[in-house]
Asker: 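Below you'll find the structure I mean.
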Amino acid sequence: MILLSDPAISRMPLEESGEALLDLRTVQALRLDPRLADADGFYARLRLGVVDRLVTAQTLLQPGLRFLIVEGFRPVDLQTRYFDAHVDRLRIAYPGHDDKWYHQRASRYISPPEVAPHVAGAAVDLTLCGPDGAELWLGTEVNDTDTDTCHTASTAISPEAREHRRTLGDVLTRVGLVNYPSEWWHWSYGDRYWAHITGASAARYGPVTPDLL
């Protein structure tokens, strides 16, 4: 698995498209979950190209299934707090390593801020729900701790959960999103990680600037 901390990701060129973020609260086709709602509504914002692909992917789901969107854009200061807090937890749980080890290990679960897809408005954390909005079980909670069962291809989950993950991944892959393999819920399009994985010449979305909000 290529980690987000790999130098190959930060070396990817960026050709910023200047595409604005869209507020998903105005997109009736997509269902939002409020668990990570913030006062500014950042959690509900994504680049237009990502939103278009999500809407298309949802039409590919079998009748009765819908996406449940948990989080989109994160300001860089919030991403930094998440990353630093996870590094601190790792220092306590696994003492005795150097800074590089903690940085790499933390990136399995939280992206380093400088390359974070969420900071670019290019990543979405999501799951599946039924027609009544009831969340389906995909083996762990969204944003669960850094465990092997969080890995998309984990076999340490029920057959039903594996099938739900397969369903989610199939439609998102078909519209061009890529998954971060240690987080079944995390998918992105247009960021540096996406560019590296797909062989694109450059990323389309870099860190969001105030004029894009």
Side-chain angles (χ1 to χ4, degrees), residues 1-2 4 17 19-36 43-74 109 111 116-118 120-144 148-200 203-205:
M1 179 177 74
I2 301 294
L4 279 155
S17 69
E19 192 176 286
L21 274 70
L22 185 65
D23 191 333
L24 296 182
R25 292 171 297 185
T26 68
V27 182
Q28 294 185 356
L30 297 172
R31 185 185 291 271
L32 274 168
D33 183 284
R35 76 188 76 175
L36 292 179
Y43 82 107
R45 302 184 191 184
L46 286 167
R47 298 279 191 153
L48 178 60
V50 181
V51 177
D52 285 345
R53 285 165 174 79
L54 287 175
V55 171
T56 299
Q58 185 164 258
T59 68
L60 302 175
L61 290 170
Q62 65 190 61
L65 290 183
R66 294 187 65 183
F67 293 139
L68 185 63
I69 310 296
V70 176
E71 188 177 20
F73 170 63
R74 285 183 201 148
Y109 180 61
S111 173
H118 281 288
V124 59
D125 293 339
L126 78 170
T127 185
L128 294 171
C129 66
D132 59 354
E135 186 174 346
L136 302 185
W137 182 243
L138 274 73
T140 73
E141 300 290 344
V142 173
N143 289 327
D144 200 356
D148 288 344
T149 51
C150 292
H151 290 211
T152 307
S154 173
T155 58
I157 57 176
S158 70
E160 182 181 36
R162 289 201 300 271
E163 179 62 18
H164 289 157
R165 289 189 189 185
R166 186 203 62 76
T167 297
L168 182 72
D170 178 59
V171 297
L172 292 172
T173 300
R174 287 169 65 185
V175 298
L177 274 72
V178 300
N179 172 244
Y180 194 48
S182 63
E183 300 175 345
W184 61 261
W185 57 84
H186 176 102
W187 292 79
S188 69
Y189 170 82
D191 60 291
R192 282 187 165 95
Y193 189 80
W194 165 89
H196 179 78
I197 294 300
T198 63
R204 301 178 182 180
Y205 308 138

Asker: Going from CZ on Arg174 to OG1 on Thr56, what distance comes out if it is rounded to the nearest 0.5 angstrom?
Answerer: 11.0 Å

Asker: Quick check: closest heavy atoms across Tyr205 and Ser17, and the distance to 0.1 Å?
Answerer: CE2-OG, 3.4 Å

Asker: Rounded at 0.5 Å granularity, tell me how far CD in Glu141 sits from CZ in Arg35.
Answerer: 6.5 Å

Asker: What heavy-atom pair brings Ala161 and Gly139 nearest, and what distance separates the two atoms?
Answerer: CB-N, 3.5 Å

Asker: Quick one about Thr140 and Trp184 (side-chain donor to acceptor, distance below 3.5 Å, no hydrogens or angles considered), yes or no?
Answerer: yes

Asker: So do Glu160 and Leu136 actually touch side chain to side chain, heavy atoms under 4.5 Å?
Answerer: no

Asker: Charged N to carboxylate O under 4.0 angstrom, Asp191 versus Arg47?
Answerer: no

Asker: Within a strict 4.5 Å, meaning less than it, do heavy atoms of the Leu61 and Leu128 side chains meet?
Answerer: yes

Asker: Show your reasoning for whether side chain to side chain contact (heavy atoms under 4.5 Å, CB included) applies to His118 and Asp125.
Answerer: CA-CA 9 Å; His118 281 288; Asp125 293 339; 3.2 Å; yes

Asker: So how far is it from Leu30 CG to Thr26 OG1, rounded to the nearest 0.5 Å?
Answerer: 9.5 Å

Asker: Hey, is the main chain of Thr127 close enough, under 3.5 Å, to the side chain of Glu135 for a donor-acceptor pair?
Answerer: no

Asker: Report the C-alpha separation of Cys150 and Glu183 in whole Å, then their side-chain angles, then the decisive distance to 0.1 Å, and conclude whether the side chain to side chain contact (heavy atoms under 4.5 Å, CB included) test is met.
Answerer: CA-CA 5 Å; Cys150 292; Glu183 300 175 345; 5.7 Å; no

Asker: Are Val175 and Leu60 side-chain neighbours, meaning at least one heavy-atom pair lies under 4.5 Å?
Answerer: yes

Asker: Rounded to the nearest 0.5 Å, how far does CD1 of Ile69 lie from CG of Leu36?
Answerer: 12.5 Å

Asker: Do Arg74 side-chain atoms and Pro117 backbone N/O form a donor-acceptor pair below 3.5 Å?
Answerer: no

Asker: Just by modelled atom types, is the Leu138 backbone N or O under 3.5 Å from a matching donor or acceptor in the Arg165 side chain?
Answerer: yes

Asker: Using side chain to side chain contact (heavy atoms under 4.5 Å, CB included), reason through Tyr43 and Leu32 one step at a time and then give a plain yes or no.
Answerer: CA-CA 9 Å; Tyr43 82 107; Leu32 274 168; 4.1 Å; yes

Asker: So His186 and Ser111, do their side chains get closer than 4.5 Å, heavy atoms only?
Answerer: no

Asker: Within the structure provided, determine whether Leu172 and Leu126 are in side-chain contact (heavy-atom separation under 4.5 Å).
Answerer: yes

Asker: Search all heavy atoms of Phe73 against all heavy atoms of Leu46 and return the closest pair with its distance.
Answerer: N-CD2, 4.4 Å

Asker: Indicate the atoms forming the closest heavy-atom contact of Ser154 with Arg162, along with that distance.
Answerer: O-CD, 3.8 Å

Asker: Given side chain to side chain contact (heavy atoms under 4.5 Å, CB included), test Trp194 with Val178 step by step and report yes or no.
Answerer: CA-CA 6 Å; Trp194 165 89; Val178 300; 3.8 Å; yes

Asker: Enter the distance from Leu168:CG to Phe67:CZ here, rounded to the nearest 0.5 Å.
Answerer: 6.0 Å

Asker: What's the spacing between Leu65 CG and Thr167 OG1 if we round to 0.5 Å?
Answerer: 7.0 Å

Asker: Minimum heavy-atom separation for Leu4 and Tyr180, please, with both atom names.
Answerer: N-OH, 3.0 Å

Asker: Looking at every heavy atom in both Trp185 and Tyr109, which two are closest together, and how far apart are they?
Answerer: CZ2-CE1, 3.8 Å

